[in-house]
Amino acid sequence: MIATLNPQGWLRDALTWIDQQGALGIAAFMLLYVIATVAFLPGSLLTLGAGFLFGVAEGSVLVLVSATLGATAAFLVGRYLARDWVAQKIAGNQKFAAIDRAVGREGFKIVLLTRLSPVFPFNLLNYALGLTRVSLKDYVLASVGMLPGTVMYVYLGSLAGSLAQVGTQGQPDNLGIQWALRILGFLATVAVTVYVTRIARKALEEEIV
């Protein structure tokens, strides 16, 4: 039964439902994001959906807050409720072992770098960090490292929303200008994200050697 489920299809249906809920949709989206993070469902689809539903500014804030809540929930589960299961999942993984050693020296900095650098799977990392000595406070504060990637994906989702409206506004020249500006903005966001990611990856490699 579980093997036949289509998580992406289910999440798309959920986003469609959220789009019809008005103000209640914000709370529903946040709850869905938290559940998805804890349940290892693809958060990238929800992040794109936030851009489509709420726009870049509001969508980015909602995703950052929701992802932080979901990551914190997974962290606490990994630390207090499912330590043995998480330990089995990461057993023998040298990268996670190196992170554990590095977190013992500089918890906030290492967690921040892992958030900036997409070297580790986000959902599993949340649980794995629960086994380290990083404090809950440093873990939560370091979630700000998710911001660059969040903005990039939300921006991309907002472009899809704009494309869906083409043909209903009747101003092709203005739409062309808006589309060009959106593409330039997205490319700039990608460039900044890639640059920050490279710096973070290099710094992380230096810290966990």
Side-chain angles (χ1 to χ4, degrees), residues 7 10-11 14-15 18 24-51 53-54 57-90 93 95-154 157 193 196-197 200 203-204 207-208:
W10 182 80
L11 290 176
L15 289 172
I18 288 172
L24 180 62
I26 294 177
F29 175 84
M30 295 179 68
L31 178 60
L32 175 62
Y33 208 111
V34 171
I35 293 173
T37 302
V38 174
F40 287 85
L41 296 178
S44 57
L45 180 59
L46 293 178
T47 306
L48 291 169
L53 296 176
F54 306 111
E58 185 178 0
S60 296
V61 172
L62 286 176
V63 169
L64 183 61
V65 173
S66 302
T68 300
L69 290 174
T72 302
F75 174 88
L76 293 174
V77 170
R79 174 161 289 185
Y80 298 110
L81 300 179
R83 291 186 66 89
D84 293 341
W85 178 82
V86 177
Q88 290 177 2
K89 285 291 184 180
I90 63 175
N93 189 308
K95 288 183 178 180
F96 281 120
I99 284 182
D100 189 19
R101 294 193 298 271
V103 164
R105 300 194 303 269
E106 297 184 80
F108 172 83
K109 179 179 179 180
I110 300 304
V111 176
L112 178 65
L113 291 173
T114 60
R115 294 309 193 196
L116 288 169
S117 177
V119 174
F120 307 95
F122 173 71
N123 289 336
L124 181 58
L125 179 64
N126 297 327
Y127 283 96
L129 287 172
L131 303 186
T132 69
R133 288 170 287 176
V134 64
S135 68
L136 178 61
K137 176 183 176 181
D138 284 347
Y139 176 84
V140 173
L141 292 178
S143 295
V144 70
M146 294 186 284
L147 185 58
T150 293
V151 173
M152 184 181 72
Y153 275 94
V154 171
T193 303
V196 171
T197 296
L204 183 60
E207 289 289 341
I208 66 177

Q: Can you list the steps and then say if Val111 with Asp138 is a side chain to side chain contact (heavy atoms under 4.5 Å, CB included)?
A: CA-CA 8 Å; Val111 176; Asp138 284 347; over 6 Å; no
Q: In Å and rounded to the nearest 0.5 Å, what is the CG to OG1 distance from Leu125 to Thr132?
A: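 Taking CG in Leu125 and OG1 in Thr132, the distance rounds to 9.0 Å.
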Q: How close do Asn126 and Tyr139 get, heavy atom to heavy atom, and via which atoms?
A: OD1-OH, 3.1 Å
Q: Carefully, step by step, assess Leu136 and Leu76 under the rule side chain to side chain contact (heavy atoms under 4.5 Å, CB included).
A: CA-CA 9 Å; Leu136 178 61; Leu76 293 174; 4.2 Å; yes
Q: Calculate, to the nearest 0.5 Å, the distance between atoms NZ and CG belonging to Lys89 and Asp84 respectively.
A: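 Here the rounded value is 13.5 Å.
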Q: Parallel, tilted or perpendicular, judged at 30° and 60°: which one describes the rings of Phe40 and Tyr127?
A: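 Answer is parallel, since the angle falls under 30°.
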Q: Could you grab the distance from atom CG of Leu48 to atom CE of Met152, nearest 0.5 Å is fine?
A: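 Output value for this atom pair is 9.0 Å.
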Q: Quick check: closest heavy atoms across Val134 and Arg79, and the distance to 0.1 Å?
A: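 For Val134 and Arg79, the tightest heavy-atom pair comes out as O-NH2, 2.8 Å.
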Q: State the CG-CZ distance between Leu131 and Arg83, to the nearest 0.5 angstrom.
A: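 Nearest 0.5 Å value for the CG-CZ distance: 5.0 Å.
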Q: Of all the heavy-atom pairs spanning Asn123 and Ala36, show the shortest one and how long it is.
A: ND2-O, 4.4 Å
Q: Please report the closest heavy-atom contact between Leu15 and Leu45, naming both atoms and the distance.
A: CD1-O, 4.1 Å
Q: Scan Val34, Leu24, Val63 and name whichever one has a side-chain contact (heavy atoms from CB on, under 4.5 Å) with Phe29.
A: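 The single option meeting the side-chain contact (heavy atoms from CB on, under 4.5 Å) with Phe29 is Val63.
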Q: Evaluate the criterion side chain to side chain contact (heavy atoms under 4.5 Å, CB included) for residue pair Trp10 and Leu41; output intermediate values, then yes/no.
A: CA-CA 10 Å; Trp10 182 80; Leu41 296 178; 4.0 Å; yes
Q: For the CG atom of Leu62 and the OG1 atom of Thr47, what is their distance to the nearest 0.5 Å?
A: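 Interatomic distance, Leu62 CG to Thr47 OG1, rounded to 0.5 Å: 11.0 Å.
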Q: Work out which heavy atom in Gly25 is nearest to a heavy atom in Phe54; give both atom names and the distance.
A: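 Looking at all heavy atoms of both residues, the closest pair is O-CZ, 4.2 Å.
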Q: How many angstroms lie between CG in Leu46 and CG in Leu32, if you round to the nearest 0.5 Å?
A: 5.0 Å
Q: Please report the closest heavy-atom contact between Ala71 and Arg115, naming both atoms and the distance.
A: CB-NH2, 3.7 Å
